Amino acid sequence: MLTDRRILLVVSGSIAAYKVLDLARLLRKASATVHAVLTAGGARFVTREALAGITGQRVHDDLWAAEAEIGHIRLARLPDLVVVAPASADLLAKMAHGLADDLASTILLATRAPVLVAPAMNPAMWEHPATRANMAALVARGVRVVGPGLGAMAEPESGPGRLAEPPEILAAVEAALAPPGESPHAPGATLSPAGRPLAGRHALVTSGPTHEPIDPVRYIANRSSGKQGHAIAGALAALGARVTLVSGPVAVPDPPGVTVVRVETAREMLAACEAALPADIAVMAAAVADWRVAREAAQKLKKQPGAAAPSLEMALNPDILATLSRHAQRPGLVVGFAAETERVVQHATEKRLRKGCDWIVANDVSGGVMGGERNAVHIVTAEGVEDWPELPKAAVAERLALRIAQTLA
Ligand code: CTP
């Protein structure tokens, strides 16, 4: 219950604003007092009369209204929690940069109350580096976030950007207002329980290359940077999963909130993965070397004057993805990657069946994907193929984590 709790509900412009009437109704039903502030964009989708009717309070929308006077300061001091729902890309950008050119943004700059935002926008806008940076800045300042979810949007497009459902936002409000010690999350935590759909799940992720030694100073490797796998581990952790990241040698930093197990060779990677079981989710993003040198030299190989170059005899490495897919403790959802340079989807479809995993995330590595910042992937499942647009690797990771959460829900 939210008895005696004062919520300031800021409604900005989004097609999803109609849902805010239901949210206001739920907040009132939970005995909260709700004051609403409408931005000019918000007023295009929901009327002040409808909001006033449900909240039982006058709706505020004008920074310069005669009766407002120092109204924005009063409104900023009044609430126990400010809830921005829907939070448009524009309003989030204003919040991140401290702009104050209308009533809503001025209150958000002036308030000392905790703030919860429920973003809603087109997936391309949500995934844009500018919005990513704005969200990172807001989260670093302790702003709480609920959603957005995945799903069909107003446009013929799907992806993350759908406003969280009103009961989910209500749960996030209750979590934000829970007395210290009762809240499952530390102050400034980014997600409400409803926004942590993978809470209680264990995810195993592999990332980076493997190094296969030739002798004590030389090895065989590949160009994998670990950026994509590490981003996936971080994105799963952000949705509440306990994550074990088994990583080959990489230069990228450890993602926050993740247990990292460092390995060098494919055989060590397999052993670390098996030791981490049981898991609910396995995402095998590592570029595991398919072969190793059959006999690693105990001493550095020396060139002999006049002698021919040595030839290396290779041995097959274990296939970690295929092993886990057929394991007695097989994780419920096994996701593999396919790095292809031609007929990407066809090869990935065959690979999914051959390896026995549930999904293959297929990418074309003929360009600068390995070590690069962006990735265009196809998700191959038993149901068919989803073609995702080219995105920053962090956005691919977030979308994949949401897709996994949606599937396990
Ligand atoms: N993989 C693995 N163990 C291996 C090789 C690959 O777990 N020894 C996993 C990778 O982590 C990835 C998937 O298998 O999830 C696909 O790897 P990829 O190298 O693209 O395919 P290959 O199995 O090597 O097939 P191909 O020779 O067709 O490239």
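Atoms within each ligand, like the ligands themselves, are counted from 1 in listed order. Worth knowing before you read on, the calculation uses all heavy atoms, side chains too, and leaves out hydrogens, waters and symmetry mates. All values reported here derive from a predicted model rather than from experimental measurement.
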With a 3.5 Å cut-off and sequence neighbours excluded, list the donor-acceptor pairs that the side chains of residues 255-265 form with protein atoms.
unit_1, atom_1, unit_2, atom_2, d
Arg262, NH2, Asp254, OD1, 2.9
Arg262, NH2, Asp254, OD2, 2.5
Thr265, OG1, Glu268, N, 3.1

Under the salt bridge (Lys or Arg N to Asp or Glu O under 4.0 Å) criterion, do Asp358 and Arg352 qualify, and how do the steps go? CA-CA 7 Å; Asp358 300 299; Arg352 192 185 79 82; 5.6 Å; no

Can you list every protein residue that has a heavy atom under 4.0 Å from any atom of ligand 1, sorted by chain and residue number?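 Residues Met284, Ala286, Val288, Asp290, Pro318, Asp319, Ile320, Leu321, Gly336, Phe337, Ala338, Ala339, Lys351, Lys355 each place a heavy atom under 4.0 Å from ligand 1, listed by chain and number.
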
Return all side-chain donor-acceptor pairs below 3.5 angstrom for residues 292-304, not counting sequence neighbours, or 'none' if the list is empty.
unit_1, atom_1, unit_2, atom_2, d
Arg292, NH1, Leu316, O, 3.0
Arg292, NH1, Asn317, OD1, 3.0
Arg295, NH2, Glu313, OE1, 2.5

If the plane angle is over 60° it's perpendicular, under 30° parallel, otherwise tilted; pick one for His211 and Tyr219. parallel

Show every ring pair (Phe, Tyr, Trp, His ring centres under 6.0 Å) that has at least one partner inside residues 275-295, sequence neighbours left out.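 Output for this query is empty, none listed.
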
Hey, does the Lys NZ or Arg CZ of Arg403 hover above the aromatic six-ring of Trp359, less than 6.0 Å from the centre and inside 45° of the axis? yes

